Number of protein chains: 2
Amino acid sequence: MTFSNRPLYLQVRDALAERIASGGLLPGAAIPSEGDLAREIGVSAGTVRKALQMMETDRLIVRQQGRGTFVSDPCSAELATRFTMVHGPDGERVRGQLKSSEIARGAAGEVERDRLQLAAGDDVYRLKRVRMHRGAPFAVEESVLPADLFPGLEARRETADQIAALAHEYGVLLGNARERVYAAAPPVAVANMLGTAPGTHVVVLDRVLVMMGGRRPVEWRLAHVHLPGGYYLAEIR
Amino acid sequence: MTFSNRPLYLQVRDALAERIASGGLLPGAAIPSEGDLAREIGVSAGTVRKALQMMETDRLIVRQQGRGTFVSDPCSAELATRFTMVHGPDGERVRGQLKSSEIARGAAGEVERDRLQLAAGDDVYRLKRVRMHRGAPFAVEESVLPADLFPGLEARRETADQIAALAHEYGVLLGNARERVYAAAPPVAVANMLGTAPGTHVVVLDRVLVMMGGRRPVEWRLAHVHLPGGYYLAEIR
DNA sequence: CCAGATTTGTTCGTATGTATC
DNA sequence: CGATACATACGAACAAATCTG
């Protein structure tokens, strides 16, 4: 019997989360019932229940009385737009459509090492994107990912505009994010892409996304947004 | 026996929350142990436990293994700055010190009725404030409160700069907040108070604070912030 | 529409572990 | 060291929602 001082319900949660991350349990799949899981794993139903409740608050699964427990789809509209807090004048979330995308690999710079908690010499992938809304570019952003979490990313630039889809492909479970919001004059290159007059201020979004559990940063994104009448909506709990 | 279809643990939570809101349980006071509560109320220890866990996630109480359960102090530094997301260039929260304060009562306008979910004819209190940071004004804000929640507010303008303290005095438990963040040129009067050059953009914070449970808005605040090098920090869960 | 099976939600009770005083 | 309090774990029973035949 393997010795471990960690609470049983945490071990159960981690085991199930690992099966979801690795693709053993696909999005939409039904998880065995509490009773079945308890018998399989060899713990009580209450322990399984607590593990499942934690996984539900982490948005890893969805539970419905009378139906069952199901694996959440991280690429669903609800979860994929979870970190998109930019809203248009009408109050609707603005995600935009991808216009262009570039990808490059290189050694992490000073700010990148700070934001992503990397060591000197670590590599990152840099993804540059321009997002369109109602026919006009409204956001220019650079997304930086630790190279070791996304090996061989150059090959697949098609899904590279959705961090949720990307993370799911690589078996990375997304946790929370912290985003700095401020106004500033953008670099000239960015201003040109956005079509703003020189000196015009835009909203800068400096966001770090961490893995579930909060241990490791997954993505650092620096976005310049120009959306007249729009706003950033923060929810404070 | 009183009929109710609501789950027991919700009834227990509400009963305890009411005792805290009404001042029957003061900040810092120790709550009876799970076992004692269970006996007093006449439910099982597990039901009490679930109620207490919910109250802890609502930040109403703090639990410590081996010590006990204690009523949180809503005016403590941690809880009073919970909704203050403005950070200075050094990364520290900037709350500032109150410079001036005005209070007036009147009928709610259109925007105020929208934000505070009031009906035509309802009254509000309007509090105008200027906040100082390092000797200079950095924020001009107007805080609007439903008059029926804060009867006789004119009399006590001393604590009027801390919504947490105010709510506690009136037995209002604070829940969550939603804040719109955007950049705009401030009104001339505001620009004069902030000392910004004409045309300079500032960050506008449009925040609605709701009661615990999410039913009713407690405060609408519109703040104009000018803090070079600072930023708004949003946490996305 | 109903009856029965399944699954999660709620409630109860007990025992043991662990941190604090 | 003992007493106290919360944390973990187990097991059981019933309620409520859902699906199927």
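Side chains are part of it too, since the values below use all heavy atoms of this structure and drop only hydrogens, waters and symmetry mates. Within every chain, numbering begins at 1; the chains are lettered A, B, ... in the order of the sequence lines, protein sequences first and strands thereafter. Everything numeric here is computed off the predicted structure, so don't read it as measured data.
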Distance-only side-chain donor-acceptor flag, Asp114(A) / Trp220(A), under 3.5 Å: no

Answer yes when Arg207(A) and Glu219(A) have at least one side-chain N-carboxylate O distance shorter than 4.0 Å, and no when they do not. yes

Residues Glu179(A) and Tyr232(A): side-chain donor-acceptor under 3.5 angstrom: yes

List in chain and number order the residues that pass salt bridge (Lys or Arg N to Asp or Glu O under 4.0 Å) with Glu34(B), two or more places apart in sequence or in another chain; answer none if no residue qualifies. Arg49(B), Arg63(B)

Euclidean distance, atom CD of residue Gln53(A) to atom P of dA9(D) [Å, nearest integer]: 14 Å

Using heavy atoms and a sub-4.0 Å distance, could you list which residues of residues 31-51 of chain B are near DNA chain D? By number, please. Ser33(B), Glu34(B), Arg49(B)

Span of DNA chain C engaged by chain B, first through last nucleotide within the 4.0 Å heavy-atom cut-off, is dT10(C) to dC21(C)

What is the distance from CZ of Arg6(A) to P of dA7(D), rounded to the nearest Å? 17 Å

Using a 6.0 Å cut-off, check whether atom CZ of Arg93(A) has over 12 heavy atoms from anything other than its own residue. yes

Arg95(B): salt bridge (Lys or Arg N to Asp or Glu O under 4.0 Å) partners, not counting sequence neighbours: none

Mark yes or no for whether Asp58(A), through its side chain, and Leu60(A), through its backbone, hold a donor-acceptor pair below 3.5 Å. no

Would Arg131(A) and Glu141(A) pass as an ion pair if we require N to O under 4.0 Å? yes

Note: contacts of residues 56-70 of chain A with DNA chain D (heavy atom, under 4.0 Å) are Gln65(A), Gly66(A), Arg67(A)

Residue set satisfying ring-ring contact (aromatic ring centres under 6.0 Å, His included) with Phe150(A), at least two apart, ordered chain then number -> Tyr170(A)

A quick test of your reading: do over 12 heavy atoms of other residues, nucleotides or ligands sit less than 6.0 Å from CZ of Arg215(A)? no

